[in-house]
Number of protein chains: 2
Amino acid sequence: MHSDIVASRSADPKDSREIRESPRESARESRNGSTPHLDAVSLAIIEQLQEDGRRPYAAIGKAVGLSEAAVRQRVQKLLDQGVMQIVAVTDPLTVGFRRQAMVGINVEGDVESVADALTAMSECEYVVMTAGSFDLMVEIVCEDDDHLLDVINRNIRAIPGVRTTESFVYLKLKKQTYMWGTR
Amino acid sequence: MHSDIVASRSADPKDSREIRESPRESARESRNGSTPHLDAVSLAIIEQLQEDGRRPYAAIGKAVGLSEAAVRQRVQKLLDQGVMQIVAVTDPLTVGFRRQAMVGINVEGDVESVADALTAMSECEYVVMTAGSFDLMVEIVCEDDDHLLDVINRNIRAIPGVRTTESFVYLKLKKQTYMWGTR
DNA sequence: TGCCAAGGCTGCGGAATCCGCAGATCTCAC
DNA sequence: GTGAGATCTGCGGATTCCGCAGCCTTGGCA
């Protein structure tokens, strides 16, 4: 997961030490796929930052029962590992990108390689492998209709292995939250 | 857009003054739907925060050519207006929510009212009205298969006006970015 | 034309926060 | 038992945040 994040981070050579994992963690990961282990405290920290990405470390520490420095170290680690990002999110339609769409894709052959090709495209902001009548679902952000047409017809359909695509142009974004940790 | 954000903000009475718009802005909005006007500087600020949601105001100011205080005022206004959120985002599959799915929905009658009902559900983190073979697309986050089944069969299908649903269970999240402003 | 209100920017000073570091504690492996 | 590694705490110093006063520009109005 987060392959783009990991890629951008591993481009930074000084972080290579952060990526290797302790023996203890890898033992836990072995029974859980490649998912890094997250204890209750880290989850609580994430919840705090899902409410407000700029909340001070001291305030988070008071909420989760840790010192300011400990929270800071944990947050930095979560960011380094690519488990979490702290970013501004908007509705693209309100900031100048006038066409946005979800595209369902069917693949023949290796799905993963198609997914990697889509991930490399800057217009694709979201790529998911799915079960169901689509193998992949991709969200794309474009500046106008011509751009959208180009991306779908020339870029996506040109990827080897793509059999069919079906597009769902966005009319209105009704909800966008990241606070599922706090419900 | 951002109906959930707006709702949570308007619950705060002291912010009511922020919502009214200046005559100048409303004139610009009239030729642009209800979208609040964003000038190049605000877009540049958003780009900075899409790279790092915790970047200091002074650093942003240096990048966009504004004082620290001016950046702070603009950011606060963008947050108050609901144009932007600064939050932590993760892959839900890595933090304990083991089932996630995109659901395409067909509606008979008023699409907006169905969308509002979906927006009110805590399991729906993303609701979009679309053109194409679905009227709505919804991303849902669940703890396990039983929970997922419940949400789809009992909650979503029970909404008046929902004609059909089609589910795409997530197998793997490959990409998730918010940096389209910086390409 | 002159005046006024409103919005936005700057500079500033005090409070709060961030940040690196040293030391303590704990766990695990050998 | 002992050493290595990971994590937490406490603590200064540097940085950042925050509110406020003042200035400037814009737009409305008589």
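Each chain gets a letter, A, B and so on, in the order its sequence line appears, and its residues count up from 1. All values below come from the heavy atoms of this structure, side chains included, with hydrogens, waters and symmetry mates left out.
Remark: P of D:dG10 and CD of A:Gln73 are 13 Å apart, rounded to the nearest angstrom. In this structure, the CG atom of A:Leu66 is 15 Å from the P atom of C:dC26, given to the nearest Å. In this structure, CD1 of B:Ile60 is placed 14 Å from P of C:dC9, rounded to the nearest angstrom. Atom-to-atom, CZ of B:Arg72 to C1' of C:dA15 comes out at 13 Å; the value is rounded to the nearest Å. We find that CG of B:Leu38 is positioned 16 Å from C1' of C:dG8, with the value rounded to whole Å. Atom CZ of B:Arg55 is separated from atom P of D:dT15 by 18 Å (rounded to the nearest Å). When the C1' atom of C:dC19 is taken as reference, atom OH of A:Tyr57 falls 10 Å away, rounded to whole Å. Here the P atom of nucleotide D:dC8 and the CG atom of A:Asp39 are 8 Å apart, to the nearest Å.
The residue among A:Ser67 and B:Ala69 whose nearest nucleotide of DNA chain D is located toward the 5' end is A:Ser67. If you find the closest nucleotide of DNA chain D to A:Arg54 and to A:Gly65, the one lying nearer the 5' end belongs to A:Gly65. When each of A:Ala59 and B:Arg74 is assigned the nucleotide of DNA chain C with its nearest heavy atom, B:Arg74 is the one assigned upstream, toward the 5' end.
Ring orientation note: the planes of B:Tyr178 and A:Tyr178 are nearly perpendicular, at an angle over 60° on the 30°/60° scale.
For B:Glu68, the side-chain atoms get nearest to D:dC17 when compared with the rest of D:dC17, C:dT10, D:dT9. When distances are taken from the side chain of B:Pro56 to each of D:dC17, C:dT17, C:dC9, the shortest belongs to D:dC17.
Looking at B:Arg99 and B:Asp145, a side-chain N of the basic residue comes within less than 4.0 Å of a carboxylate O on the acidic one, giving a salt bridge.
Taking the side chain as every heavy atom from C-beta outward, A:Lys174 and B:Tyr126 never approach each other to under 4.5 Å.
B:Lys77 has a side-chain polar atom (N or O) that falls below the 4.0 Å cut-off from OP1 or OP2 of C:dG8.
Tested against B:Ile156 for a side-chain contact (heavy atoms from CB on, under 4.5 Å), the candidates B:Val114, B:Leu118, B:Asp150 yield a single pass: B:Leu118. Paired with B:Ser42 under the rule side chain to side chain donor-acceptor pair (under 3.5 Å), one option of B:Lys77, B:Arg74, B:Glu47 passes, and it is B:Arg74.
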